[in-house]
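Structure, as structure tokens:
Here is the naming used below: chain letters follow the sequence lines, and residue numbers restart at 1 for every chain.
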Protein chains: 2
Amino acid sequence: MARFFITASNIFGGVAYLSKEDADHIKVLRIRKGETFTVCDGNGTDYICRLSDDEGGVEILDKSPSPGEPSVKCSVFAAFSKSDKIESVIQKCVELGASEIVVFPSKRCVAKPEGASLLRKTDRWQKIAKEAAKQSERGKVPTVSVMPSYEDAVKKAAEAQLALFCYEDEKKLSLKTALEQYGGVKSFSVMTGPEGGFEPSEAALAVQYGMKSVTLGPRILRCETAPMCALSAVMLFTDNM
Amino acid sequence: MARFFITASNIFGGVAYLSKEDADHIKVLRIRKGETFTVCDGNGTDYICRLSDDEGGVEILDKSPSPGEPSVKCSVFAAFSKSDKIESVIQKCVELGASEIVVFPSKRCVAKPEGASLLRKTDRWQKIAKEAAKQSERGKVPTVSVMPSYEDAVKKAAEAQLALFCYEDEKKLSLKTALEQYGGVKSFSVMTGPEGGFEPSEAALAVQYGMKSVTLGPRILRCETAPMCALSAVMLFTDNM
């Protein structure tokens, strides 16, 4: 069944008001009067709708929680990396169920966009997240935000009930053991470094703020592979996969 | 410590014979007489070596299993997809611990390279696998091979002790449940479809050959995301992450 996002404020009185773009899309898909499709409010609810006339009037038949939304929140904190890599992380982490993506600077980041360039990038990243949310049938569009400093990122990441700092030089605690030790957690964060990894002082700061330093195993993962891998593990572990 | 691959036949009599390329690399890294580095035979063994003279003579001090090799074999079967996608799958699945990558045609594949074009691609894919194996510190370079038909691919995938067919329309068996039901398995395969997914008749054939049809959850994953996600799950589950 065709599926659209619509802003929640456009749904009221048993009727959904589609944007011109979505109304045009309905025409392209040749959905006709009386046929049904799904509208998602981008806030975790799916509405089964029926086209009630040929002018794009839409009647709501039923609503239910969007099946694509995980039962836990997992924020992905990814250090700035080259454009194609960070874009791939955003796209794939939205598919895999991230609740939000937070991009941040760290000492070994090669690229640290600022000012107008950063604004343009953030805008582009949010569009990538929206497209990925549509394509993967999420019920919400995860936000993409940027932290001004590494310390700000760590502070925010540490707010999760289980805050996982993925660190290449961590030799003791595995991601799996960390997940097993914390049954029933509903909010997670996973934080991963740039191309050159984190510096020891950065790892120390994360631990100081209460994050768990974990290893993703003996293989060295690229900066764009690590977040997908850690997020897949959280989703598997919490029965969201 | 610097780390090189070398063909196993170049290690004998307590001495490793480096290729000209690696000998040059040693010079670039300014490794000097008496200093140590690691040589991997590409067959799962790491050798701790010492530069014994200034002409590239190398003495072997110790050997041990490569820590980057997982304790289980997991073959990744990925359907042909656009070049950048299949290349990304190969690169990242090598990092994540795949024992081999097998590329195959299926009904909805948009791209089905053949003849000379396929030979060139396979050669390129194998190079990507080798680079990824080096970068991620694997002990073996996974092979990349191509199956001539879908049925051949299914037959080969079904040889694993636990053969997982990742299918968008599977609604009952989750990947996690399938993994939990089969404790102690040492050989896995994960098979994923092209951009448009598998056809029902293809899923039926896979099951007929003994593969387990599993879902990766309610979100629709892109063809390049699904193999990384499934492989991460196998590695997490088998304590290789």
Side-chain angles (χ1 to χ4, degrees), chain A residues 3 46 65-71 84-85 88-89 91-98 131-140 166 168 171 174-180 195 214-241, chain B residues 3 46 65-71 84-85 88-89 91-98 131-140 166 168 171 174-180 195 214-241:
Chain A
R3 195 165 178 282
D46 276 11
S66 308
E69 278 308 299
S71 63
D84 57 329
K85 293 183 179 180
S88 171
V89 166
Q91 184 186 64
K92 277 136 189 66
C93 287
V94 168
E95 289 172 51
L96 291 166
E131 277 312 303
K134 276 188 188 176
Q135 177 268 324
S136 61
E137 306 200 351
R138 292 286 303 266
K140 296 181 184 176
C166 304
E168 191 180 314
K171 301 296 174 204
S174 72
L175 174 64
K176 187 179 183 182
T177 305
L179 288 168
E180 282 170 347
E195 282 87 347
V214 296
T215 170
L216 300 182
R219 288 170 297 283
I220 311 297
L221 301 182
R222 281 172 191 262
C223 66
E224 73 274 24
T225 312
M228 307 178 210
C229 171
L231 179 58
S232 295
V234 169
M235 290 298 151
L236 184 83
F237 198 84
T238 58
D239 294 322
N240 281 293
M241 206 173 91
Chain B
R3 193 165 181 284
D46 276 11
S66 308
E69 278 309 298
S71 63
D84 57 330
K85 294 183 179 180
S88 171
V89 166
Q91 185 186 64
K92 276 136 190 66
C93 288
V94 169
E95 289 172 50
L96 291 166
E131 277 312 304
K134 277 189 187 176
Q135 177 267 325
S136 61
E137 306 198 353
R138 292 284 304 265
K140 295 181 185 177
C166 304
E168 190 180 316
K171 301 297 174 204
S174 72
L175 174 63
K176 188 179 183 182
T177 305
L179 288 168
E180 282 170 348
E195 282 87 348
V214 296
T215 170
L216 300 182
R219 289 170 296 284
I220 310 298
L221 301 183
R222 281 172 190 262
C223 64
E224 72 274 25
T225 312
M228 306 179 211
C229 171
L231 179 59
S232 294
V234 169
M235 290 297 151
L236 183 84
F237 198 83
T238 58
D239 294 324
N240 281 293
M241 206 173 92

message: Once rounded to the nearest 0.5 Å, what's the spacing between atom CG of L236(A) and atom SG of C229(B)?
response: 8.0 Å
List the atom pairs, with distances to 0.1 Å, where a side-chain N or O of residues 214-221 of chain A and a protein N or O form a donor-acceptor pair under 3.5 Å, not counting sequence neighbours.
unit_1  : atom_1 : unit_2  : atom_2 : d
T215(A) : OG1    : G217(A) : N      : 2.9
T215(A) : OG1    : G217(A) : O      : 3.4
R219(A) : NE     : E95(B)  : O      : 3.2
R219(A) : NH1    : G68(B)  : O      : 2.9
R219(A) : NH2    : N240(B) : O      : 2.8

Under 4.5 Å from any heavy atom of chain A - which part of Q91(B): side chain
query: Backbone N or O of F237(B) within a donor-acceptor pair of the K176(A) side chain at under 3.5 Å?
result: yes
task: Name the option with the most non-hydrogen atom pairs under 4.5 Å to chain B; the candidates are S174(A), P70(A), S88(A), A132(A).
output: P70(A)
task: Could you have a look at M235(A), M241(A), E224(A), R222(A) and say which one has the most heavy-atom pairs with chain B under 4.5 angstrom?
output: R222(A)
- request: Would you please name every residue forming a side-chain contact (heavy atoms from CB on, under 4.5 Å) with A133(B), sequence neighbours left out?
  value: F5(B), V94(B), R138(B), V141(B), P142(B)
message: When you compare the side chain of T225(B) with that of M228(A), does any pair of heavy atoms fall below 4.5 Å?
response: no
- prompt: Side chain, backbone, both or neither: which part of S232(A) has a non-hydrogen atom closer than 4.5 Å to chain B?
  reply: side chain
